[in-house]
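Computed over heavy atoms, backbone and side chain alike; hydrogens, waters and symmetry mates excluded. By convention here, the first residue in the shown sequence is residue 1. Predicted model, so just to flag it, every value in this text is computed and none were measured.
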Amino acid sequence: MLWRLVCTSGIEQYHHGEEPWALVTGASDGIGKSLCDVLAHRGFNVFIHGRNPQKLAAVMAELSTSHPRRHFEVIVADASKPYLVPEVVAATSDKNLTILINNAGYTGTPIRPLVTMGVSEIERAFNIGVAWTTHLTWALLPQLMKNEPSLLVNVGSFAQAHPPPFLTTYAANKGYLRTFTQALRAEMTFTHYPSIEVQYHEVHAVSTVSNPQATSFSCPTPQVMAEAMVDAVRKKQAVVIPYWVHELIAWILWLLPEVLVIWMTGSILEKRRDDLKDRERADKGKED
Ligand SMILES: NC(=O)c1ccc[n+]([C@@H]2O[C@H](COP(=O)([O-])OP(=O)(O)OC[C@H]3O[C@@H](n4cnc5c(N)ncnc54)[C@H](OP(=O)(O)O)[C@@H]3O)[C@@H](O)[C@H]2O)c1
């Protein structure tokens, strides 16, 4: 918590050279869209990545109106298809890319026991959460090394810190992302690239399409979350909890027995189980 008062140097150090650019994946909605807005506000040109060309065009129009002095480009590539990564690299290669935010995750993940998941769901989860992010980072790292100081943020989740029932592949994806971040950060230091800042941002509840909870103190809007994330870059640690209320909650949860935390998260997710909703629908169909 205290780092918020002590650490000062932040996102502005990645604003250097001619026309610095940031790339945000999964940016047609939610936290990703807000990150584009906040980064544009802080002076960066932004690549807006997503899979839906219509939604992306609307986001680009909105951002261009709000930030007329910035440049925006759309990159369309389905993150469940890692073989499309070269298209992202080609779109960014002639720009001064200094920031990559791996925000796209398996956000549409069904809430269900692993045993009821389909093979294609499991494959999709790993393609988006693990393969896409790893391939994209690998492919863009040479650009980030050339353009140092540069920043890489991987967007994680509370589900990794306290893995709950019914979200096994999602929680495991974020666990991979955290370890990947820590190892890559260590590698950058050991190979004399300490000015490539690599961070994992632990996000808790945020009111978005994939988490349609009402906005509250503990479940902020994506805009509040994005601002907290951009500000938190200054912490300069592998794992950061950007939003102060989430950090407070994390401290409280660390003090509780893990079995109690699992029971609490499990009880909440139990009510949202997709396999039970499917069964209800099937039973209702039989009655009709
Ligand atoms: N919201 C939360 O409570 C919460 C909590 C913890 C962690 N997080 C993490 O925060 C990040 C953003 O989540 P969010 O809540 O902002 O999600 P969101 O509002 O559902 O937005 C997800 C974004 O990712 C895009 N996307 C999804 N699948 C994609 C694919 N296969 N290819 C390309 N783009 C794809 C979506 O595109 P479309 O517009 O086409 O759907 C959308 O732009 C994720 O990594 C998530 O795991 C969120």
Side-chain angles (χ1 to χ4, degrees), residues 3 6-27 31-32 35-36 38-40 42-49 73 75 79 82 85-86 88-105 129-157 160 173-203 226-242:
W3 62 268
V6 180
C7 307
T8 49
S9 177
I11 200 81
E12 62 282 355
Q13 63 186 289
Y14 310 107
H15 192 282
H16 60 84
E18 208 176 302
E19 303 261 329
W21 283 75
L23 163 59
V24 182
T25 67
I31 300 168
L35 280 168
C36 295
V38 176
L39 287 167
R42 305 284 176 101
F44 293 88
N45 305 301
V46 187
F47 289 108
I48 312 160
H49 162 266
E73 284 188 21
I75 302 178
V85 160
V88 183
V89 179
T92 58
S93 61
D94 63 338
K95 300 287 197 302
N96 176 25
L97 186 76
T98 62
I99 297 179
L100 166 60
I101 303 193
N102 282 316
N103 167 70
V130 175
W132 171 270
T133 309
T134 311
H135 283 260
L136 186 67
T137 304
W138 165 78
L140 291 178
L141 203 50
Q143 282 193 62
L144 295 176
M145 288 161 114
K146 179 166 70 79
N147 301 333
E148 62 175 334
S150 51
L151 170 71
L152 165 64
V153 173
N154 293 320
V155 180
S157 169
Q160 176 280 324
N173 272 349
K174 297 299 189 185
Y176 170 85
L177 205 54
R178 181 180 160 128
T179 307
F180 177 66
T181 306
Q182 289 169 311
L184 185 59
R185 185 183 175 88
E187 192 170 288
M188 288 299 114
T189 308
F190 257 77
T191 55
H192 309 293
Y193 281 99
S195 55
I196 300 181
E197 180 64 22
V198 186
Q199 297 186 349
Y200 169 91
H201 283 201
E202 184 182 304
V203 173
E227 272 163 25
M229 289 169 77
V230 169
D231 282 341
V233 160
R234 72 184 192 278
K235 190 176 182 194
K236 299 220 179 307
Q237 275 189 6
V239 178
V240 180
I241 304 181

May I ask you to decide if V24's main-chain N or O and N103's side chain share a donor-acceptor pair within less than 3.5 Å? no
Just how far is it from atom CG of L184 to atom CG of L177, taken to the nearest 0.5 Å? 11.0 Å
Reported CG-to-CG distance for the pair N96 and N147, which is rounded to 0.5 angstrom: 4.5 Å
Looking at residues at least two apart in the chain, or sitting in another chain, which of them share a salt bridge (charged side-chain N to carboxylate O under 4.0 Å, His left out) with K235? none
Y193: ring pair (Phe, Tyr, Trp, His ring centres under 6.0 Å) partners, not counting sequence neighbours: none
Rounded at 0.5 Å granularity, tell me how far CG in L144 sits from CG in L152. 6.5 Å
In Å and rounded to the nearest 0.5 Å, what is the CD to CZ distance from E19 to F44? 12.5 Å
Donor-acceptor pair between Y176 and T134 side chains, under 3.5 angstrom: yes
For Q143 and S93 the tightest heavy-atom approach is NE2-CA, 3.8 Å
Identify the two heavy atoms, one from I75 and one from A91, that lie closest to each other, and give their separation to 0.1 Å. CD1-CB, 3.9 Å
Just to verify, what does Y14 make a ring pair (Phe, Tyr, Trp, His ring centres under 6.0 Å) with, not counting sequence neighbours? none
Here the pair of heavy atoms bringing L97 nearest to A22 is CD1-C, 4.0 Å
Hey, could you give me the CG/CG distance between L141 and L100, rounded to the nearest 0.5 Å? 9.0 Å
Tell me every residue that passes side chain to side chain donor-acceptor pair (under 3.5 Å) with N154, counting only those two or more places apart in sequence or in another chain. N102, T181
N/O donor-acceptor pair under 3.5 Å between E202 side chain and V239 backbone: no
With sequence neighbours left out, the residues meeting side chain to side chain donor-acceptor pair (under 3.5 Å) with R42 are D231
Compare all side-chain heavy atoms of H15 with those of T98 and state whether any distance is below 4.5 angstrom. no
SG on C36 to CG on L23, rounded to 0.5 Å: 8.5 Å
Would you please name every residue forming a side chain to side chain contact (heavy atoms under 4.5 Å, CB included) with A139, sequence neighbours left out? V85, V89
Can you pull the salt bridge (Lys or Arg N to Asp or Glu O under 4.0 Å) pairs that have at least one residue in residues 93-104, sequence neighbours excluded? E73-K95
Classify the ring geometry of H49 against W132: parallel below 30°, tilted from 30° to 60°, perpendicular beyond 60°. parallel
Test item: Y200 side-chain N/O and S157 main-chain N/O as donor-acceptor pair under 3.5 Å: yes
Run the side-chain contact (heavy atoms from CB on, under 4.5 Å) check on V38 and I11 step by step: do they pass? CA-CA 11 Å; V38 176; I11 200 81; over 6 Å; no
Does any pair with a residue in residues 183-192 pass side-chain hydrogen bond (donor to acceptor under 3.5 Å, both in side chains), and if so which ones, sequence neighbours excluded? R185-E197
Can you list everything that forms a side chain to side chain contact (heavy atoms under 4.5 Å, CB included) with S195? Sequence neighbours excluded, please. E148, P149
Within a strict 4.5 Å, meaning less than it, do heavy atoms of the T25 and V88 side chains meet? no
Minimum heavy-atom distance H16-P20, with the two atoms named: O-CB, 3.7 Å
Go through L35 and V153 one step at a time and tell me if the side-chain contact (heavy atoms from CB on, under 4.5 Å) criterion holds. CA-CA 11 Å; L35 280 168; V153 173; over 6 Å; no
Can you list the residues that meet the side chain to side chain donor-acceptor pair (under 3.5 Å) rule with Q160, with sequence neighbours excluded? none
Among all residues two or more places apart in sequence or in another chain, which pass the ring pair (Phe, Tyr, Trp, His ring centres under 6.0 Å) test with H201? none
For F47, give me all partners under ring pair (Phe, Tyr, Trp, His ring centres under 6.0 Å), at least two apart in sequence or on another chain. W21
Between A131 and P82, what is the shortest heavy-atom contact and its length? CB-CG, 3.6 Å
